[in-house]
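Input: a single structure, listed below in structure tokens.
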Amino acid sequence: MRGLLLDIDYSEEETQPVTKLFVKGEKETVAAIDRSFSQFFYVEAENPRKVEKLISMLEVAGNGGMIKPKSVKAVKLSRLSKEVEVLRVEARHPNDMHPLRHKIRELAGVKEIYGYDIPPMRGYLIDRQLTPMDGVEVTGEVEDENGIKTITLDSHPKKIEIEKPKLNVMSFDIEVFNPTGSPRPEKDPIMMISLADNRGLKKVLTWRNLPTDLDYVEILPTEKDTLKRFIELVDEMDVDILLGYNTDLFDFPYIKERAKQHRLKLTLGRDGTEVVTRRRKMATATRIRGRVHVDVFSMVNFLANIGNIRLIHYTLEDVYRHMMGKEKPDFEFTKFVEAWEKGGEHWNRLLEYSLSDAVATLEIGEELLPLFVELTHVVGQSLFDVSRMSAGQLVEWLLISEAYKRGELIPPRPVGDEFEERVEETFVGAYVMEPEKGYHENLVVFDFRSLYPSIIVSHNIDPSTVNCKCCKKGEATVVPELGHMICQARRGFVPEVVERVVKLRGDLKAELKKHKKGTHEYEIANARQWALKILANSFYGMLGYPRARWYSKEGAESVTSFGRHYIHETIKMAGDFGLKVCYSDTDSLHAKLNGKSREDAIKFMQEVNKNLPGIMELELEAFYPRGVFITKKRYALIDDEGRLVVKGLEFVRRDWAAIAKHTQEDVLKAILKDGSPEKAANIVLDATKMVLGGKAKLEDLIIYTQLKMPIESYRAIGPHVVAAKRLREVGHEVEPGMMIAYIEAKGAGSISDRAIPVELFKDKEYDADYYVDNQILPAVMRIMEVLGYRDADLKFEKKKQMGLDKFIG
DNA sequence: CTTACACGGGG
DNA sequence: GGGTACGTGTAAG
């Protein structure tokens, strides 16, 4: 059978490890079963022959029996490009890997062990050279099992070229009952589940029978039936990719708990299996066998981390506005209970809002999936994994795969002292210019994104080439300022891979010109070149990341040293051309047009590019009509479409009062949208006047902070802890996870002493000074002070009015 | 001054 | 698979 390798899964059947490939063919999706893969690692030893003998006789007690290696044999590989003979040890079972490695580590003469920290699924893909989301051919015996056709492989699956089938993409979203502020999965039901797919399906499943005229609403008898219907629809629609927004951290864990309460198995798997949630300390991810669960938020977050999307907040609403240029309805989470209980127009709006979340998630997902599918192709790991990886992890898995192909040993991930030592190692990073603080108009931003990959390639920077022993004096390249010697006799592994990525991208950019924008071919080639660009730009970060396998402090600092050299040159050229550079960070250059036209700016860029060596290229990021620069790494810009680009200012969060958040937002808009710092100053004055005059609405003063532990566990008694105690005193049930909503009251004592839960605030007087001095002013002052305002200028006081009017003209 | 705790996305 | 998420903010102590 030939088809698309949608996903891969590893499990155990009667203690035998089994790898399952889910292959989407023209007619159906099958599970191909491979029982032939064994995990392995390599042992480097002083005397390989002797150690080989020791290993072959090895027996370790563990896993309820005696563990023996499946096989051991000597092979010739390379380590940092130098040939080395090592022993390949295969394990009968993945669980044997750990005890075997530890026992072997203790054998006399063993120097290092490689490749033990590659999980079976990933190792399988690398060893078999398969690419998920790409063509595969499987052969073997067919049988039906659990409702899915199964093929027991009789040979290794083969990577092939295929016409890509259209995938069934569905998005979903849940709304949950939240009477205590934050919903408690053990108690609070799921009110509704919305679904949208790429074939026009739009549905809201709910179990509350309130009048509504919305035709996409399907009413079910109970919450359990609603969940069952969701599972049924996923199966019926034969979903390949299931999308959600923050579903890893919220929806799936929540649904799982609700299903547990109802003793319902969440059998979303294509083979009828339950979803598997891997709960890790900080991240959880839910896997659905035979389908790919993609959390759109994690893709968005990835693009935010690499600087491709820059927003103040990454809510679905904000991301949708930014990416699709459309508004979606909003619904206050504090109004959920009322809508659920009382129905009416609120109920209709809640249903609409819920569906709009699923629709927006689908649209954003469809926009981003091509990129992540291409990353999957290049990196060679599953879409499920790739969509959740950081840029550094992507590069690392690409390198692991490339290393394996070349017979290069995979360095272990650094642990313990090695990691600690690396953290201690600091080096001079990129050049960041002190910005010309304040408000500017007519800005152009260039970036040098390909700077670091070009440096790595053209200067051959690799863990093995910095200060190598092989080059004679005069042969190696000398790094500016640092004096490191870079080997020129031997090509490094990292630059070789970077070069391949960069070259592939160059080819694609040429191919792109052959296609018309908007055609399928163009979109695919464009996603692919984008993927390659992201990867190329991530190698440097990896070199300097203490947890990276191919870490090289000397390599990383050599890259930044060359980088500083080039950016300084470019800044100088911009100045000579007549642009006024007001900020620069690493590989970017922000300049005022300074009377020049946009065309002139582009001419300048072309001029620079003419004189740059190799693949190095200065690119136009965008023109920005207005901007305000605050400090290094903190600035805000507005583009031609009126979109705000905010860097380093996103410090107003839910544990801040709404009045502070709104004032900060309004201030930024006044400065950037209206170009009026004066208007911004007046906004702050009005806000402080209102608060000091006792006129603020209580709901704008509420601070939401989550109680993360039982009250007794707190050593530092913060305001939300005191507020929670007060709630408990009047008989409320207080438990970890609850959102505490409180207001600061006027009076004596610390902030904590005066934190009153909203429910108990009643006729109390709020602490106006706190809201002005600790909420509004800190939120806006960073911005306002670079515009020449002091906090006293923005705090409404009667006696100062006269002077201030004069000041702001 | 150091230490403790919370934020993000979701509802 | 496994893990030290991660960088930055306020208030308590």
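As a basis for the values below, the full set of heavy atoms in this structure was taken, side chains included, without hydrogen atoms, waters or symmetry mates. Letters A, B, ... mirror the listed sequences (proteins, then strands); counts begin at 1.
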Distance, rounded to the nearest Å, where [X] contributes [atom1] and [N] contributes [atom2]:
| X | N | atom1 | atom2 | value |
| --- | --- | --- | --- | --- |
| A:Asp655 | B:dA6 | CG | C1' | 6 Å |
| A:Arg258 | B:dG10 | CZ | P | 21 Å |
| A:Ile703 | B:dC7 | CD1 | P | 12 Å |
| A:Tyr545 | C:dT4 | OH | P | 11 Å |
| A:Leu249 | B:dG8 | CG | C1' | 10 Å |
| A:Lys661 | C:dG9 | NZ | C1' | 14 Å |
| A:Gln706 | B:dC5 | CD | C1' | 12 Å |
| A:Ile255 | B:dG11 | CD1 | P | 11 Å |

From [options], nucleotide with atom closest to [X] side chain:
| X | options | result |
| --- | --- | --- |
| A:Asp173 | B:dC7, C:dT4, B:dG11 | B:dG11 |
| A:Trp656 | B:dC7, C:dT10, C:dA12 | C:dT10 |
| A:Ile751 | C:dA11, B:dG10, C:dT10 | C:dA11 |
| A:Asn246 | C:dT4, B:dG9, B:dG11 | B:dG9 |
| A:Tyr770 | C:dG1, C:dA11, C:dC6 | C:dA11 |
| A:Thr705 | B:dG10, C:dA12, B:dC7 | B:dC7 |

Less than 4.0 angstrom between a side-chain N/O of [X] and OP1 or OP2 of [N], yes or no?
| X | N | value |
| --- | --- | --- |
| A:Tyr704 | B:dG8 | no |
| A:Tyr353 | B:dG11 | yes |
| A:Asn774 | C:dA11 | yes |
| A:Arg634 | C:dG9 | yes |

- Between B:dC7 and C:dA5, how far apart are the C1' atoms? Round to whole Å, please.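 Straight-line distance between the two C1' atoms is 13 Å.
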- Message: Distance check, P atoms only: C:dG9 and B:dG9, in whole angstrom units.
- Response: 15 Å
- Message: As a test of understanding, state which of A:Lys326, A:Glu327, A:Lys328, A:Glu317 forms a side chain to side chain donor-acceptor pair (under 3.5 Å) with A:Ser356.
- Response: A:Lys328
- Task: Take A:Arg549 and A:Asp117, measure what salt bridge (charged side-chain N to carboxylate O under 4.0 Å, His left out) needs, and give me the verdict at the end.
- Result: CA-CA 11 Å; A:Arg549 293 172 193 259; A:Asp117 48 6; 2.9 Å; yes
Sugar-phosphate, base or nothing in reach of [X], heavy atoms under 4.0 Å:
| X | result |
| --- | --- |
| A:Ile118 | nothing |
| A:Tyr245 | sugar-phosphate |
| A:Asp357 | sugar-phosphate |
| A:Phe252 | nothing |
| A:Ser752 | sugar-phosphate |
| A:Ser298 | nothing |
| A:Asp295 | nothing |

- I would like to know whether A:Lys746 and A:Asp767 meet salt bridge (charged side-chain N to carboxylate O under 4.0 Å, His left out); could you show each step before the answer? CA-CA 4 Å; A:Lys746 206 176 181 105; A:Asp767 182 354; 5.6 Å; no
- Item | Sequence neighbours excluded - salt bridge (charged side-chain N to carboxylate O under 4.0 Å, His left out) pairs with any residue from residues 171-193 of chain A |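 Sorted pair list: A:Arg184-A:Asp188, A:Arg184-A:Glu735, A:Lys187-A:Glu733, A:Lys187-A:Glu735.
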- Task: Can you tell me which residue pairs pass the salt bridge (charged side-chain N to carboxylate O under 4.0 Å, His left out) test with a partner in residues 712-726 of chain A, sequence neighbours excluded?
- Result: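 As it turns out, the salt bridge (charged side-chain N to carboxylate O under 4.0 Å, His left out) pairs with a partner in residues 712-726 of chain A, which skip direct neighbours, are A:Glu712-A:Arg728.
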- Message: Could you work out, with side chain to side chain donor-acceptor pair (under 3.5 Å) as the rule, every residue matching A:Asp96, not counting sequence neighbours?
- Response: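 Per chain and number, A:Asp96 pairs via side chain to side chain donor-acceptor pair (under 3.5 Å) with A:Asn63.
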- Mind checking side chain to side chain donor-acceptor pair (under 3.5 Å) for A:Arg101 and listing every partner two or more places apart, or none if nothing turns up?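 For A:Arg101, no residue satisfies side chain to side chain donor-acceptor pair (under 3.5 Å) once neighbours in sequence are set aside.
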- Item | DNA chain B contacts among residues 709-728 of chain A, heavy-atom distance under 4.0 Å | A:Met709, A:Tyr714, A:Arg715, A:Ala716, A:His720
- Item | Interface with DNA chain B, restricted to residues 327-338 of chain A and to heavy atoms under 4.0 Å |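 Hits under 4.0 Å, by residue number: A:Phe333, A:Phe336.
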- Residues in side chain to side chain contact (heavy atoms under 4.5 Å, CB included) with A:Asp585, at least two apart? A:Val432, A:Tyr583, A:Ser588, A:Lys633
- side chain to side chain contact (heavy atoms under 4.5 Å, CB included) involving A:Met121 - partner list, sequence neighbours excluded: A:Ile8, A:Tyr10, A:Arg287
Show me the donor-acceptor pairs within less than 3.5 Å that the side chains of residues 292-299 of chain A make with the rest of the protein, sequence neighbours left out.
from, atom 1, to, atom 2, distance (Å)
A:His293, ND1, A:Thr286, O, 2.8
A:His293, ND1, A:Arg388, NH2, 3.2
A:His293, NE2, A:Thr247, OG1, 2.9
A:Asp295, OD1, A:Asn246, N, 2.8
A:Asp295, OD1, A:Phe297, N, 2.9
A:Asp295, OD2, A:Thr247, N, 3.1
A:Asp295, OD2, A:Asp248, N, 2.9
A:Ser298, OG, A:Asp295, O, 3.4
A:Ser298, OG, A:Ser387, O, 2.6

- Using the six-membered ring of A:Trp347, assess whether NZ or CZ of A:Arg208 lies under 6.0 Å from its centre and within 45 degrees of the ring axis.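 Ring-cation test returns no.
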